[in-house]
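Notes follow the structure.
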Amino acid sequence: MSKVRKLEETVAMIPDGAVLMIGGFMGVGTPPRLIEELLRQGKRDLTVIANDTARPTVGIGRLVSAKAVRKVIASHIGTNSETQRQMIAGETMVELVPQGTLAERVRAGGFGLGGVLTPTGVGTVVEDGKPRIELDGTVYLLEKALKADFALIAAKRADYLGNLEYALTARNFNPLMAMAAGTVIVEAEDIVPVGVIPPDSVVTPNVLVDCLVAKEHRHG
Amino acid sequence: MSKVRKLEETVAMIPDGAVLMIGGFMGVGTPPRLIEELLRQGKRDLTVIANDTARPTVGIGRLVSAKAVRKVIASHIGTNSETQRQMIAGETMVELVPQGTLAERVRAGGFGLGGVLTPTGVGTVVEDGKPRIELDGTVYLLEKALKADFALIAAKRADYLGNLEYALTARNFNPLMAMAAGTVIVEAEDIVPVGVIPPDSVVTPNVLVDCLVAKEHRHG
Amino acid sequence: MDEKTLIARRVALELRAGNLVNLGIGLPTMVAAHLPAGVDVFFQSENGIVGMAPVPEPGAENEDLSDAGGSPIGAVPGAASFDSAMSFGLIRGGHLDVTVLGGLQVDEEGRLANWMVPGKMVPGMGGAMDLVSGAKRVIVAMQHSAKGTPKIVKRCELPLTSVRRVDLIVTDLAVIEPTDKGLVLRETAPGVTVADVLAQTGAELIVPADVPVMPIG
Amino acid sequence: MDEKTLIARRVALELRAGNLVNLGIGLPTMVAAHLPAGVDVFFQSENGIVGMAPVPEPGAENEDLSDAGGSPIGAVPGAASFDSAMSFGLIRGGHLDVTVLGGLQVDEEGRLANWMVPGKMVPGMGGAMDLVSGAKRVIVAMQHSAKGTPKIVKRCELPLTSVRRVDLIVTDLAVIEPTDKGLVLRETAPGVTVADVLAQTGAELIVPADVPVMPIG
C-alpha cells in the first residue's frame with residue numbers, strides 16, 4: 001500500500017507538454033528534488049500553474065531559466081527578471097491572475113465547481129473576456145476552474161499511504177493543488193508510518209496522493 | 001485580550017429574529033451550552049442555517065421543538081419528525097439545500113465570493129429559480145453565498161485569543177460558519193493559554209472569533 | 001441469506017483495493033461488513049472523515065466521532081478528518097471512487113429518485129445529490145420492489161436526486177446496468193428467473209442471451 | 001527623520017489594537033516597526049499566516065516561514081498558518097481590517113494603480129487586487145511624487161488595481177482622504193505648506209479651512 005516511488009520513475013511519467021501545478025510561494029513549499037529531476041530529464045513545453053516563478057535560480061524559476069516552460073499561469077513574476085524577459089520577448093506565454101482568484105480557481109478545479117464569483121478584478125484589465133454577474137447589487141467576475149495533469153507538491157511530513165502535513169507558510173497552494181490534478185506527486189521532508197499523523201492534523205488525505213518521494217535520498 | 005465571556009451576556013447579544021449559523025452534524029459539533037442558553041432566554045423568530053436539525057430533543061432540534069425558529073436552511077430534516085411536522089403544517093419555513101452546496105454557500109459568504117457554480121442539483125427541483133450557466137460543455141447552477149448575523153461554533157480547544165481546533169467529525173460546518181457571520185461565538189471544550197496550539201494546528205484563526213464560552217462552567 | 005445481506009455481498013464485489021467509498025445510511029452501510037478478503041478500501045463519511053471503521057469494541061465510542069446518521073464509529077490508522085466543504089470537495093471533485101445509495105425509484109434512463117415523497121416524506125436530500133452528481137461510480141442498492149410495487153420504473157414520478165445516469169443497480173432479484181441503450185439485465189439472484197425479474201420490473205429491460213447468476217462473494 | 005520613516009510612523013497611527021493588518025512589500029513593511037505603545041495588532045502575510053513577526057534573532061530563520069517576498073520572518077505566540085485559499089478568504093471576506101500598500105498612481109476618484117507599467121514593468125498583481133477589493137480599510141503609503149512627477153493624478157493612466165476607492169493616502173508631504181466629493185487634504189507633513197502639496201499634486205485637492213500638521217506618533 002506504500003506510495004513511495006523512485007524519483008526518476010515518478011518524474012518520467014510526466015510527458016513533454018504536460019500541464020503542471022507546482023506548489024510554493026517564492027520557492028517556499030516548492031518541491032526541490034522534483035524540480036531538479038524535471039530539469040535533469042530535460043522536460044519541454046510545460047504549462048506551469050503556480051503562484052509565482054520565484055527567482056531565476058530558485059524553485060520554479062529554474063524551469064523558466066532552462067526554457068522548459070511554454071506557458072505560465074501565475075499571480076506574480078516580479079521577482080524573476082527572466083520570466084519577464086521571456087514574456088516581453090514572446091518566448092513564453094504568461095497569464096497573470098490575482099492571487100486570491102488563482103487560489104479559488106485551483107480549488108474550484110479540485111472541488112468539482114465550475115468556477116466562482118469574485119469581486120476582485122472588476123473594472124480592471126483582469127475583467128477582459130470574462131462574464132460579469134451582478135447579484136444583489138454587487139458586481140462579480142465569473143472565474144473558471146483550473147485543473148492540471150500533474151500536481152507537484154511539497155509536504156513537511158507524509159505517511160506511507162500519502163496523508164500529508166505542511167509547515168507554516170510552506171503550505172500555501174500545495175493542499176489546493178493536491179485536489180486539482182489527475183496525478184499527484186508529493187515530495188515529503190519526512191515519511192512516517194501510518195498512524196503517526198493524527199486524523200485532525202492531516203491536511204491532504206491519502207486518497208488524493210498517487211506517488212511519494214522523500215526529500216532526502218534514503219527513500220529512493 | 002482574552003475573549004472569554006459570560007455565557008448569559010454573550011447569548012443576550014443575540015436579538016429575536018437574528019440569522020444564526022449553528023455548527024454541527026446530527027448534534028455532533030453543536031455547542032450545547034449556547035443552545036441551552038438560547039432556550040433559557042426564550043429567543044424567538046430565529047433563522048437557523050445548519051446542516052440538519054438533529055432530533056427533537058438533540059442540539060438544534062431543541063430550538064425547533066421550542067418553536068424558537070421561524071426559518072430553517074438545512075440539507076436534512078429527516079431525523080427530526082417535529083421539523084417535518086412544522087414544515088408541512090406551515091409553522092416553520094424550511095429551505096432544503098444539498099449538503100455540499102450548503103457548505104459552499106456558507107464558505108462563499110465567509111470568503112467574500114458572490115457564489116459558486118456547482119453541477120449538483122441540475123435538472124432537479126433544486127434548480128428552480130436559479131441561473132443555469134454552461135461552461136465548456138458542462139451545466140452548472142449558480143448558488144449564492146450565505147451569511148449570518150451570528151455563528152454559534154463548537155470547538156474542541158481554544159486559546160484565550162480565540163484560535164480554534166476541532167475534533168474528528170465534530171469539525172463539519174464549524175470552521176466554515178466561523179468565517180461567515182458578523183459575530184462569532186465559540187463554545188470550547190477546553191480553553192488553553194496562547195501559544196499552546198501550534199500555528200499549523202489552528203483551523204480557525206483568532207481574528208475571526210468574537211466571544212469564547214467554555215463548555216464547562218469553570219470559565220463563566 | 002436474507003435479501004439485504006445478498007444485496008450487500010453483491011455490491012461488495014464491485015469495490016477495488018484502494019477505492020474511496022461512501023456508503024449511504026441503511027442497507028448500503030451493510031456493504032462494509034462483506035468486503036472480499038484482501039480488498040482494503042477507505043470509507044468516507046460525508047460528515048467529515050476518510051477512514052471510517054466500526055466502533056472497535058463496546059465502550060470505545062467517542063462523542064466527536066460519528067457517521068452521517070449520528071451513530072458512533074471508529075477510525076482506521078491513517079484516517080483523516082476535515083470540514084464539510086472538503087468532504088464534498090472530495091465527492092464533487094471526482095475523488096470518490098464509488099458511492100452506494102439506497103433508492104426509491106430508478107427509471108429507464110438510469111436516473112435515481114431517493115430523497116423525497118411529496119406530501120409524505122420530506123427528509124431533505126442531505127448529501128445524496130452531491131454524491132450522485134460527483135462520484136465516479138454510483139451503485140444503487142435497494143429492494144427490487146416495495147410491497148409489490150416496482151421501484152424500477154419507466155420514468156421516475158418522485159423528485160430526482162440527479163439527472164446523472166447511475167452505473168449499477170443491485171437488488172434482491174437482479175443486477176441491472178443502465179446504459180445509453182436502456183436498462184440491461186446483467187445477473188439474476190440465485191433461484192430467480194429472468195421472468196421473475198421482468199414481472200417485478202416496471203421498466204423495459206434489455207435481456208442479453210446469457211444472464212448469469214449473481215456471484216455473491 | 002527620513003521620508004519613508006515619516007510615512008511609516010503616520011500610517012502606524014491608523015492601526016487599532018486587535019486589528020488584522022496586511023502590509024505590502026517595501027515601504028508598507030516599515031509600518032510594523034512604528035506601532036504606538038499598547039497597540040497590538042496581528043499582521044497577516046498573504047502567503048499564509050496571521051501573526052507574522054520579525055525574525056527574533058540572527059540564526060532563528062526557518063526555511064518554512066517567510067513573508068510574501070520570500071524573506072524569513074518570525075511568528076508571535078498565537079499565530080495561525082493556513083493555505084492560500086484561506087488567506088485570501090480572510091482578505092476578500094472582509095476579515096482584514098487594514099491593508100497598507102504602495103502606489104504608482106492614485107486618481108481623483110481614489111482609485112489605485114500599483115501593479116504594472118505597460119511595456120516596462122510587468123510584475124503581476126500578486127495579492128494586490130484582492131487586498132484592495134477586500135480589506136475593510138485600504139491605506140496607500142507612497143512618495144508624493146516620483147522624480148518630480150506627481151503620483152496623485154486626475155485619472156490613472158496605469159492599469160488599475162481596483163475600482164474601489166481607497167480610504168487614505170499617506171505620503172511624505174501629506175495625508176489625503178478620497179471622498180465622494182473628491183480628494184480632501186487632511187494633513188501636511190511637518191515643514192510642508194499647503195502650497196507645496198498642491199504644487200506636487202496632479203489632481204484637484206479639496207483644502208479645508210483647517211489643515212493640521214501630520215502627527216507622527
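Here is the naming used below: chain letters follow the sequence lines, and residue numbers restart at 1 for every chain. Computed from a predicted structure; not experimentally measured. Only this structure's heavy atoms are used, side chains among them; waters, hydrogens and symmetry mates stay out.
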Side chain from CB out, backbone as N, CA, C, O: work out which of these in B:Val203 comes under 4.5 Å of a heavy atom of chain D, or both, or neither.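 The answer is the backbone of B:Val203.
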For B:Asp200, is it the side chain, the backbone, both or neither that has a heavy atom under 4.5 Å from a heavy atom of chain D?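 It is both, since atoms from each part get that close.
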For B:Asn206 and D:Phe42, run side chain to side chain contact (heavy atoms under 4.5 Å, CB included): C-alpha distance rounded to whole Å, both residues' side-chain angles, the deciding distance at 0.1 Å, then the answer. CA-CA 10 Å; B:Asn206 69 70; D:Phe42 291 96; 3.6 Å; yes
What are the two closest non-hydrogen atoms of [X] and [Y], and how far apart are they?
X        : Y        : answer
D:Met86  : B:Pro205 : CE-CD, 3.4 Å
B:Phe111 : D:Arg92  : O-NH1, 2.8 Å
D:Gly78  : B:Asp159 : CA-OD2, 4.2 Å
D:Gly89  : B:Met179 : C-CE, 3.7 Å
B:Gly195 : D:Pro77  : CA-CB, 4.4 Å

Which atoms of [X] are under 4.5 Å from chain B, going by heavy atoms: the side chain, the backbone, both sets, or neither?
X       : result
D:Ala85 : both
D:Ala79 : both
D:Leu90 : both

For the [atom1] atom on [X], are there more than 12 heavy atoms of other groups (residues, nucleotides or ligands in this structure) within a distance under 6.0 Å?
X        : atom1 : answer
D:Glu204 : CD    : no
B:Arg40  : CZ    : yes
B:Lys130 : NZ    : yes

Between D:His95 and B:Gly110, is there a donor-acceptor pair closer than 3.5 Å when you use the side chain of the first and the backbone of the second?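 Checking the backbone N and O of B:Gly110 against the side chain of D:His95, a donor-acceptor pair under 3.5 Å is found.
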Below 4.5 Å, heavy-atom pairs only: which of D:Ala75, D:Ala80, D:Gly48 has the largest tally toward chain B?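 When all of D:Ala75, D:Ala80, D:Gly48 are compared, D:Ala80 has the most.
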